[in-house]
Each structure stands twice: as structure tokens, then as C-alpha cells.
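A short write-up of the structure that comes next.
Just the heavy atoms: all of them, side chains too, but no hydrogens, waters or symmetry mates, feed the values below. Because the structure is a prediction, the values reported are computed rather than measured.
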Amino acid sequence: MKKIKFLQILFVGLLAIGCKQEVKANFQSEVQNEQIEKYSIIGQEHNKMLNNLCFGNSLSEKAIISSQSICLNEYFDENTKEYYVSNSKNQRTASNDKLSPTMEQENLVNKNALIFIKEIENILINPLSSLDETKKEITKIENKALELLEEDDLMQFMSYAETAKSSLEFWNENYALLSDTNTSNAKFINWWNQYKHRLGMMAASDAAGAAAGAAAGAVIGAQIAGVGAAPGAIIGAVVAGAVSSAQGFDQDCLCIVVPLTSIEKEIRKK
């Protein structure tokens, strides 16, 4: 009898522990989702700026070339840092080309942030079978980083991750720009499966630019009274990410462009 009672108590105890762990896990998941949502503004603003660089004030394809050549030139001067890695033209297979070695060699981001950046970079090099699956894998890495990274490292990493997800969405929606197929027939193509590797490489430029821009923007923002590092980092991420993306598209390559003059100008407007 005592043995049965003991087992009952043990069972109830284990059940209670299990419930507490489940509640804790659900709470932790909610907190992480809230944190990711907070950083998602970087990706959202990235797509807005990228849309302006690619289309200007028009959504017609005729505006792409003229808008790009005019708008992009405004971001290049003697203070613009440029890094080019490879040509991605018609990239339809997984590539070994990466921007992380350049980011590491040039000290564009913190080492701790780079650890998680490399994990997402591997996903972008060889995206999964759908856009949603690819984004979910990136989110899994974000959840790990949220538990381990400190504030400065986290800002750089989340700038990379959220820009990567938004960039994948942007180029997936605007696949006609990257496709060598007539626009009128593009809707009949399984775009993602045929072009996901090139799309991933485009997103890699966007994301790397955002991370480097966040690091640069934080330094600039911290030096300007009334701004601070965090707002500066967000602005730097948006500007550098979008310019890197547009330049990568224009030159058909993997690249990072950090237009320091333009970043500082935008930060000072705040």
C-alpha cells in the first residue's frame, strides 16, 4: 500500500515538473517571438528602401535601370566601403562563395555575431525546398542566438537574419528581375526551385551589408548627441543592406557596400 502511495506521489510530482517545464518553454518561446518581432522592423524597412532603389516611384520594369543608376550613385563617395566576392549571374546551383570570410578579415562585425551569421549563410547558399521552410530554419538560429548573444552582437546578428528573411521575400516576389525568362511567362515557372540559389546569394549580400551597416551605424550613432548606438545601428543596417542588395543586383555579384556618409546623414536626421 505504501509503495502504491509513493508511486502515486512520484507520478504527480513528475507531472507537475513536466507542466512547469512546458509552461517555461511556452513562455520562453513567446519572449523570443516578441524579440524577433522587435528586430523585424529592420527587414521591413530594408524592403521599402530596396523597392525604392529598384523601382523608384514606379512599379513598372521600365524604371529599374534608370532608377538604379541614379539612386545608387548617391551612395558612393570616398567614404564608401566596398567588398566584392564573386559573380552570381544565372546561379542555379549551390555555390561555395561566401561573404563571411571577408566580414571576418575586414572586422566588419563582431566575432560572436559572426558565429551565427555563418550558420544562416550556409542556409542561404543552399536554400531549402520552399521560402517558408528556409525562413523557419533562419528563425531557429535566431532563437539560439537570442539566448546566447549580448546586445551589440545580437543587433549585428539580428540585422543579418531579419534582412535575410525579408530579402528572400522581396526577390521571391520580384523574381522577374532575376529571371532570364519573359515576364509574361514567368508565372508559369516554379521560380523557387529553379532560381533559389541565386536568390539566396542576393539575400546574402543584403544580409551581410545589413550586419556591417549595423556595426558602423552603432559607432556613428553613439558619437551623435541624442541618438545613441541602437538607433544608429538600425539605420546603418537598413541603408547598407539595401545598397548592398541593389549593387549586387546591378553588378551580378556578391558584395557588401557600407556608405558611411549616407548612413551618418540619415542618422543625423533623427
Donor-acceptor contacts under 3.5 Å from residues 106-113 side chains, at least two apart:
| unit_1 | atom_1 | unit_2 | atom_2 | d |
| --- | --- | --- | --- | --- |
| Asn110 | ND2 | Asp153 | OD1 | 2.7 |
| Asn112 | ND2 | Asp153 | OD2 | 3.3 |

(message) With a 3.5 Å distance limit and no angle check, can you tell me whether Ser244 reaches the backbone of Asp206 through a side-chain donor-acceptor pair?
(response) no
(request) Over all heavy atoms of both residues, which pair between Ile256 and Ala212 is shortest? Give the atoms and the distance, please. (result) CG2-CB, 4.1 Å
Could you give the side-chain donor-acceptor pairs of residues 216-231 under 3.5 Å, partners two or more places apart or in another chain?
none

(request) Look at the side chain of Ser205 and the backbone N and O of Ser245, then say whether any donor-acceptor pair between them is shorter than 3.5 Å. (result) no
(request) Go through Glu34 and Lys38 one step at a time and tell me if the salt bridge (charged side-chain N to carboxylate O under 4.0 Å, His left out) criterion holds. (result) CA-CA 6 Å; Glu34 288 177 3; Lys38 180 180 71 174; over 6 Å; no
(message) Determine whether Met155 and Ser159 satisfy the following criterion, side chain to side chain contact (heavy atoms under 4.5 Å, CB included), listing intermediate values before the conclusion.
(response) CA-CA 6 Å; Met155 175 63 79; Ser159 295; 4.0 Å; yes
(request) Check whether any side-chain heavy atom of Tyr75 sits under 4.5 Å from a side-chain heavy atom of Leu53, and report yes or no. (result) yes
(request) Mind checking the SG-CG spacing from Cys54 to Asp250? Nearest 0.5 Å is all I need. (result) 9.5 Å
(request) Mind listing the closest non-hydrogen atom pair of Gln44 and Ser166 along with its distance? (result) N-OG, 3.8 Å
(request) Give the minimum heavy-atom separation between Thr80 and Pro259, together with the two atoms involved. (result) OG1-CA, 3.9 Å
(message) I'd like to know whether Asn122 forms a side chain to side chain contact (heavy atoms under 4.5 Å, CB included) with Lys98, so could you lay out the CA-CA distance, the side-chain angles of the two residues, the decisive distance to 0.1 Å, and finally the verdict.
(response) CA-CA 9 Å; Asn122 288 333; Lys98 296 182 178 182; 3.0 Å; yes
(request) Looking only at non-hydrogen atoms, find the nearest pair between Ala164 and Ile120 and report the distance. (result) CB-CG2, 4.5 Å
(message) Nearest 0.5 angstrom please: Phe157 CZ to Leu149 CG, how far?
(response) 7.0 Å
(request) Might you work through the side chain to side chain contact (heavy atoms under 4.5 Å, CB included) test for Gln35 and Met158, ending with a clear yes or no? (result) CA-CA 10 Å; Gln35 288 182 292; Met158 292 300 290; over 6 Å; no
(message) Can you tell me how far apart CD1 (Ile42) and CD1 (Ile235) are? Round to the nearest 0.5 Å.
(response) 11.0 Å
(request) Using a 4.5 Å cut-off on heavy atoms from C-beta on, say whether the side chain of Val243 contacts that of Glu82. (result) no
(message) I need the Ile141 CD1 to Ile117 CD1 distance, nearest 0.5 Å.
(response) 11.0 Å
(request) Identify the two heavy atoms, one from Ala246 and one from Leu72, that lie closest to each other, and give their separation to 0.1 Å. (result) CB-CD2, 3.8 Å
(message) Please find the pair of heavy atoms, one from Gln156 and one from Ala215, that lie closest to each other, and give the distance.
(response) NE2-CB, 3.7 Å
(message) According to ring pair (Phe, Tyr, Trp, His ring centres under 6.0 Å), who are the partners of Tyr160, at least two apart in sequence or on a separate chain?
(response) none
(message) Just so I know, are the side chains of Glu142 and Phe116 near enough to count as touching, which here means a heavy-atom distance under 4.5 Å?
(response) no
(request) Check whether any side-chain heavy atom of Tyr83 sits under 4.5 Å from a side-chain heavy atom of Leu99, and report yes or no. (result) no
(request) For Lys165 and Ser40, test the side chains for any donor-to-acceptor distance below 3.5 angstrom and give the result as yes or no. (result) no
(request) With sequence neighbours excluded, give me every salt bridge (Lys or Arg N to Asp or Glu O under 4.0 Å) pair touching residues 41-56. (result) Glu45-Lys48
(message) The criterion is side-chain contact (heavy atoms from CB on, under 4.5 Å); which residues satisfy it with Ala203, sequence neighbours excluded?
(response) Leu124, Ser167, Leu168
(message) Distance check, rounded to the nearest 0.5 Å: Leu199 atom CG versus Gln194 atom CD?
(response) 13.0 Å
(request) Establish, yes or no, whether a centroid distance under 6.0 Å links the rings of Trp171 and Phe249. (result) yes
(request) Applying side-chain contact (heavy atoms from CB on, under 4.5 Å), name anything that partners Lys140, two or more places apart in sequence or on another chain. (result) Glu137
(request) Begin with the C-alpha distance, continue with both residues' side-chain angles, and end with the deciding distance and a verdict on side chain to side chain contact (heavy atoms under 4.5 Å, CB included) for Asp77 and Leu260. (result) CA-CA 9 Å; Asp77 62 20; Leu260 295 175; over 6 Å; no
(request) Consider only side-chain N and O atoms of Asn79 and Thr261, and report whether a donor and an acceptor are under 3.5 Å apart. (result) yes
(request) Starting at CD of Glu162, measure out to NZ of Lys135 and round the result to the nearest 0.5 Å. (result) 9.0 Å
(request) Compare all side-chain heavy atoms of Met49 with those of Val239 and state whether any distance is below 4.5 angstrom. (result) yes
